[in-house]
Amino acid sequence: MPQSDFMAHLARKGVLRDPHAVDGRMKERRRDALGDVDWVGLTGLTPSGFADELAAFYRCDRVERRDLVGSRFAGAQLSPRFLKEEHLFPYEHPSGTLMLAIARPLEDETIRAAEVALRRSVEIVVATADDIDAALATTLETERPTSAAPAEAAAAADDLDDLRDLARGAPVVRALDELLRLAVEQRATDLHIEPLGNALQTRLRVDGLLKTVPAPPVSMAKAILSRLKIMAGLNITERRLPQDGRAHIVVGGAEIDLRIATTPTMHGESAIVRLLRRGSSFVALDQIGLAARDDEVLRNALQAPFGMIIVTGPTGSGKTTTLAASLALINEPKRKILTIEDPIEYHISGINQTQIHPAIGLTFAAALRSFLRHDPDVIMVGEMRDGETAHIGVHAALTGHLVLTTLHTNTAAGAIPRLIDLGVESFLIASSIRVVVGQRLVRVLCEHCKAPHRLSAADLGRDQRFVALGFKAGEIVHRAQGCEWCGFSGFRGRQGLFEVMEVTPRVRKAIGPKTEAAELEEIARSEGMSTMIEDGIAKCRAGVTSVDEVFRVATSL
């Protein structure tokens, strides 16, 4: 029976300290030293009284320590760690029945896992956690070979087969499945699993920011990492070197691709799991947050027969989404579009998409050289990381191809000096580039709970950020509040802050071997370009985001 059924049973009897503990997920998750839920602590019962309620709920017998210690232990096939973490004691009754003593409500999967391992059906009985722990300590100590040296015992506990069995055990599988399910439910892009010595930290990156979520017991850390490695086809015995791989899961009917990377740390291996929703629809170009002028400039450039369009920004700033939306706009049967990406995050029907594979020599530069022999109209290069890729891309843009790519620079104007730094001649840059897009992502205020606030003179005097952004008394800004819809963060989803620099004749004339980004930006602004900060201010006034979000992003500009 589900654990939530037992908690509902206790709630009906009025013995729960916190009735909100019901709801399957246990909103109140106080933990003991082993990282387990303190079931007794959730109630006003004594350990013995809790065991009596549990026995009544399961309609089974109640046993004590002497009954367990004096019986024949029958759990040799189960891992001692599994027995201790789940507070289970299998033993054989004099009648020949296989009994399983429990100290807390169990999910059906755990009982079935025990029956599979023991190869027999079990009959449930109930004891207190202290009685089961004492019986396990006595029994396991008695059965442990006295001749085994401590070092040999430690090595045996870490044996490959034992580790693989533990990683496939029901509690470990259930714990990892719960983390992945939570990550999908909360729209997380990444799941971080990090051992911190005496604790295990798990965090989700939601809307660009990390948030801590309840972690499994630290005793499960090694097994959870091994489970991830098994899923990704990695070597579970190698803990000294970083590894990375891929896996695929289905959660709630949604297909999720996982990119799993592990790395050794001082307290053991940590892992990051990137979640990519297979078949997820990309955002249309008119939905990413472009202002009217910027949208028109970018659309005009995308209709050009040749030239280069560059999207700039740091990792995680939405560059790939902008490129995917741009490709979708010009994806027509009359155009042949080739892409080289790392990884392929959006699958676009009708476009030939290629994943880089450096181990066999398939790099951005190698793929780009090959593409030119396939008669493409449009080429998308995931990132220009080196001079060779940049040179090939610029020459492709000059010879009748429309090239879309990304660069890691802070501003749109900064893309020009960056290309010069990669060794591309300034006259080639001036001749090939049509538009440079700079962008960042800010969180969008939750539509269900955002609160308007009319600025007063006192607000402007108390918070100089409003003055710095040009706000005046009487203007309305919106603030984050928090509700169930947004997970009490006040934000749901993200949108871009953009600056779109069109390479006009004046800008082209200013590009030289020693061109500075500030000079190009000044010319572009004089011709109508708005900066990312100015775009952020406009979105604040429109109630899309908050001043705090704009300042969080603006500090990096």
Please report the shortest heavy-atom distance between [X] and [Y], naming the atom on each side.
X	Y	value
Pro242	Pro264	N-CD, 3.9 Å
Ala103	Phe50	O-CE2, 3.7 Å
Thr363	Pro358	CG2-CA, 4.4 Å
Thr409	Gly414	CG2-O, 3.6 Å
Phe371	Ile379	CD1-CG2, 3.9 Å
Ala271	Thr262	CB-CG2, 4.1 Å

Handout entry: Partner of Glu269 by side-chain hydrogen bond (donor to acceptor under 3.5 Å, both in side chains), out of Gln243, Lys229, Arg240
Key = Lys229
Fill in the blank from the handout: side-chain hydrogen bond (donor to acceptor under 3.5 Å, both in side chains) test vs His87 passes for just one of Asp130, Asp133, Asp131, Thr128, namely Asp133
Practice task
Start with the C-alpha distance between Leu83 and Phe73, add both sets of side-chain angles, then the distance that settles side-chain contact (heavy atoms from CB on, under 4.5 Å), and finish with yes or no.
Solution key: CA-CA 12 Å; Leu83 295 173; Phe73 179 65; 3.8 Å; yes
Measuring from atom [atom1] of [X] to atom [atom2] of [Y], what distance do you get when rounded to the nearest 0.5 angstrom?
X	Y	atom1	atom2	result
Glu425	Ile420	CD	CD1	10.0 Å
Leu191	Arg203	CG	CZ	11.0 Å
Glu255	His248	CD	NE2	4.0 Å
Leu441	Thr321	CG	OG1	7.5 Å
Thr320	Asp342	OG1	CG	9.5 Å
Arg277	Tyr346	CZ	OH	10.5 Å

Taking side chain as C-beta onward, heavy atoms only, is [X] less than 4.5 Å from [Y]?
X	Y	value
His408	Thr315	yes
Ser326	Ile309	no
Thr265	Glu194	no
Asn198	Val218	no
Arg119	Gln77	no
Leu200	Met220	no
Met384	Arg418	no
Met380	Leu338	no

For the backbone of [Y] and the side chain of [X], can you confirm whether one donor and one acceptor N or O come within less than 3.5 Å of each other?
X	Y	result
Thr406	Gly382	yes
Gln201	Thr212	no
Thr405	Val381	yes
Arg227	Val172	no
Gln353	Glu341	no
Arg440	Asn410	yes
Lys211	Val206	no
Thr312	Val437	yes
Asn331	Ser349	yes

Exercise for the section: Answer yes or no: does atom CZ of Arg259 have more than 12 heavy-atom neighbours from other residues, nucleotides or ligands under 6.0 Å? Expected result: yes
Are [X] and [Y] close enough for a salt bridge, meaning some N to O gap below 4.0 Å?
X	Y	result
Asp177	Arg174	no
Asp207	Arg187	yes
Glu86	Arg104	yes

For residues 386-397, which side-chain N or O atoms pair as donor and acceptor with protein atoms under 3.5 Å away, sequence neighbours left out?
| from | atom 1 | to | atom 2 | distance (Å) |
| --- | --- | --- | --- | --- |
| Asp386 | OD1 | Glu388 | N | 3.1 |
| Asp386 | OD1 | Thr389 | N | 2.8 |
| Asp386 | OD1 | Thr389 | OG1 | 3.0 |
| Asp386 | OD2 | Thr389 | OG1 | 3.2 |
| Glu388 | OE2 | Arg369 | NH1 | 2.2 |
| His391 | ND1 | Gly387 | O | 2.9 |
| His391 | NE2 | Gly423 | O | 3.0 |

Practice task
Walk me through it: do Leu225 and Arg239 pass the test side-chain contact (heavy atoms from CB on, under 4.5 Å)?
Solution key: CA-CA 10 Å; Leu225 263 293; Arg239 304 190 191 95; over 6 Å; no
Exercise for the section: Please assess Leu88 against Ile102 for the test side-chain contact (heavy atoms from CB on, under 4.5 Å), listing each intermediate value before the final yes or no. Expected result: CA-CA 5 Å; Leu88 304 177; Ile102 66 173; 3.7 Å; yes
Problem - Residue from Leu204, Thr202, Leu210, Val213 passing side-chain contact (heavy atoms from CB on, under 4.5 Å) with His192 - result: Leu210
Exercise for the section: Please assess Thr545 against Val444 for the test side-chain contact (heavy atoms from CB on, under 4.5 Å), listing each intermediate value before the final yes or no. Expected result: CA-CA 5 Å; Thr545 190; Val444 175; over 6 Å; no
